[in-house]
Amino acid sequence: MQPTDISNPQYFHKVVDCQWGCPAHTDVPGYIRLIAQGRYTDAYMLNRQANVFPGILGRVCDRPCEPVCRRARVEKEPVAICRLKRVASDLREDVAALLPKAPRRKNGKRVALIGAGPASLTVANDLLPMGYEVVIYEALAVPGGLMRSNIPSFRLPAEVLDEEIGMIVGMGADLRLGTPVKSMKALLAEGYDAVFVGSGAPKGKNLKLPGRDEAAANIHIGIAWLESVAFGHVERIGERVLIIGVGNTAMDCCRTSLRLGAKNVKVMARKPREFFKASAWELQDAEEETVEIVVNHSPKSFVMEKGRLTGMIFEKMEYEIDARGRITAEKIAGEEFFPCDDVVLAIGQENAFPWVERDLGIEFDKWDVPVVDQVTYQGTRPGVFFGGDSAFGPKNIIWAVEHGHQAAISIHKYCHGEDIARRMPYGMNLATSKMGMHEWSYSNAYDPVERRVMPHVSLKERFKKLNLEVELGFTAEQFTREVERCLNCDIQTVFTAKLCIECDACVDICPTRCLTITTNGPEDELRQRLSAPANNLSQDLYVSTGLPQTGRVMVKDEDLCVHCSLCAERCPTGAWDMQKFTLKVPYAADEAAESVPQTRTGT
């Protein structure tokens, strides 16, 4: 193999699995270490550099960081990253003085943001400190988008939303609530320098089955129904409720139903559980609240008696699944009737752009989704950008945040006549963590404690109020133990080949057998003759240049390393060093540091 190019930030970035897995590249180990030091405000602000909603996402993030957490390779459960994010938010002090500020003197550029959801708010967060005048158009009477209207307040309290949205709007955004954009053509005529569309995917999918129209009064579209509940337009539901769908919206619908008076709630799934879209913790919370999940039942028809919905008929499905977990065949094995008073359809959502005229140069694909560049987030009309669910369909909040960051870069470049595709590369900083003999600037002791379990409000209490937050947050004892479970993957093992004397001390002491000194060879062959075969191909090998004594190479399997620092402690020459890796993610303000020509722009 060729020696590994460790000058490329992506190599070390990939080693920090949680940060690599986070769409916004949040410095997870960094803020966890600050929590461990009791520096909650610093942890919050570090988090906020990438994720502008630490308090919100500390409660409802979809957590793409956790499934890839290295701790899950050592033990069963990953670090409770999302819960720890909430700790920093709950325990921080006032951060008003630490937040970015908008300058009094503006830069003369006006940008319109459509929708006050996470993507638009992130764009505003990045552009306001740069002197942009930002106008946010929001159809609802309150900002937040689907974070507000579709996530129940028992999971995400309104005061948490209000505070973090206020941090952004408070920088000087012109937030126009109750002001839906009804015509893109009319908006463009107002002469904004750029327009960002962050209007989400607000249209819930319907289920056209026999009886659907006749039973319409008792059949509800999930996201619209949740919005009606959030704003107090719906206060009750029947005692027997069927939820169709098994995504996170379905879990919110079933738990909300219980709080509106339902006594028997069933989630009906067409496929087996391993094909569910809902997060495991959402399923767990729903089942704890007595929701029954019925698998392998495909909806067939609604049943009416005397003009009222009385139930649904489902086809009972059987599947053949191959060794790779794919469905290879299915058949109908009968029918079953389930009585109900109401049905909530939570089978997906999609974009809706009836307000975008089709003669503006903004192209839509065959699914009526706008054609958007996946790097610049610009649509087919220059100066019109998309992000969040409105760009590529439903994802999650942290993806919307990342879209907002990237769109802000593009908007800044566009407004200043630059090539929006030409973007700053990621950078990095490496700094030794060595403080003295056998002493490091981080805790490297391995704590075998199991993942802490978040305490919840008791089942008896949680249904008394619709807005009673169910999760209580970690106790001090819990988060003190949980932070020690982090393996500090951002503290990298950096090897200097010319210092190695091939004494094998590091190889001997490594507890995971991730180090091997051997002759070089092709990667496939090399992987199989390491101290422990490196079979996880998604994880890179580190291969050094030839060692001074024999020309052999040092090979490290990044899949096995637990960053314990024993190799660096044992090395007599300092060939191994534990170095703190900091990923330098460019934002719009970083792009602004470059010299830009001032040109007239307009959409």
Side-chain angles (χ1 to χ4, degrees), residues 31 35 40-41 43-45 47-48 51-63 82-100 115-122 124-125 128 136 138-173 175 177-178 200 226-235 248 252 255-256 259-260 281-282 285 396-398 400-401 404 454-458 461-476 479:
Y31 76 72
I35 293 170
Y40 311 117
T41 302
Y44 182 89
M45 293 306 298
N47 199 323
R48 197 183 182 282
N51 158 32
V52 299
F53 306 114
I56 294 170
L57 287 172
R59 289 167 167 80
V60 299
C61 189
D62 208 36
R63 313 173 196 176
C82 183
R83 312 300 200 194
L84 292 175
K85 186 157 46 194
R86 175 176 170 176
V87 168
S89 176
D90 288 354
L91 298 182
R92 65 172 169 81
E93 298 176 345
D94 183 5
V95 297
L98 304 175
L99 296 172
S120 291
L121 290 168
T122 303
N125 177 79
L128 284 166
I136 307 176
E138 171 54 51
L140 300 175
V142 287
L146 294 181
M147 296 191 298
R148 176 88 65 176
S149 61
N150 274 209
I151 299 179
S153 53
F154 58 81
R155 290 210 296 127
L156 178 56
E159 53 267 29
V160 178
L161 274 167
D162 292 341
E163 184 175 33
E164 293 196 325
I165 294 173
M167 291 180 187
I168 296 171
V169 175
M171 284 191 274
L175 175 60
L177 299 172
L226 287 171
E227 181 179 315
S228 295
V229 174
F231 296 122
H233 305 312
V234 170
E235 297 179 337
N248 287 338
D252 286 335
R255 297 178 69 190
T256 299
R259 285 157 176 79
L260 296 183
W281 50 90
E282 301 250 21
D285 287 345
N396 54 49
I397 298 172
I398 192 64
V401 169
M454 173 71 76
H456 286 54
V457 173
S458 71
E461 294 294 322
R462 73 177 68 169
F463 302 118
K464 291 182 178 178
K465 290 175 61 180
L466 184 61
N467 61 355
L468 180 64
E469 187 173 14
V470 172
E471 295 186 349
L472 296 172
F474 275 150
T475 64
F479 75 74

Begin from the C-alpha positions of E471 and R83 and carry the test salt bridge (charged side-chain N to carboxylate O under 4.0 Å, His left out) through to its verdict. CA-CA 10 Å; E471 295 186 349; R83 312 300 200 194; 2.7 Å; yes

In sequence, state the C-alpha distance, the side-chain angles, and the governing distance for N125 and R48, and then conclude on side-chain contact (heavy atoms from CB on, under 4.5 Å). CA-CA 11 Å; N125 177 79; R48 197 183 182 282; 2.9 Å; yes

Test side-chain contact (heavy atoms from CB on, under 4.5 Å) applied to L98 and Y44, step by step: CA-CA 11 Å; L98 304 175; Y44 182 89; over 6 Å; no

Candidate pair R63 and K85, rule side-chain contact (heavy atoms from CB on, under 4.5 Å), full reasoning: CA-CA 11 Å; R63 313 173 196 176; K85 186 157 46 194; over 6 Å; no

Quick one: do F53 and T122 satisfy side-chain contact (heavy atoms from CB on, under 4.5 Å)? Show the steps, please. CA-CA 9 Å; F53 306 114; T122 303; 4.1 Å; yes

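For R259 and F154, the positive end sits near the middle of the six-membered ring, less than 6.0 Å away and at most 45° from its axis.
In terms of modelled atom types and a separation under 3.5 Å, the side chain of R462 and the main chain of V470 share no donor-acceptor contact. A donor-acceptor pair is defined here as one N or O able to donate and one able to accept, closer than 3.5 Å; no such pair exists between the side chain of S120 and the backbone of A116. T41 contributes a side-chain N or O that, together with a main-chain N or O of E93, makes up a donor-acceptor pair within less than 3.5 Å.
Between F231 and R148 the shortest side-chain heavy-atom distance falls below 4.5 Å. Put simply, the side chain of I397 does not reach to within 4.5 Å of the side chain of C61, judged on heavy atoms.
Applying the side-chain hydrogen bond (donor to acceptor under 3.5 Å, both in side chains) rule to D90 yields the partners R59, R86; only residues at least two apart in sequence or on another chain are considered.
To the nearest 0.5 Å, the span separating CG on D94 from CG on L99 amounts to 8.0 Å.
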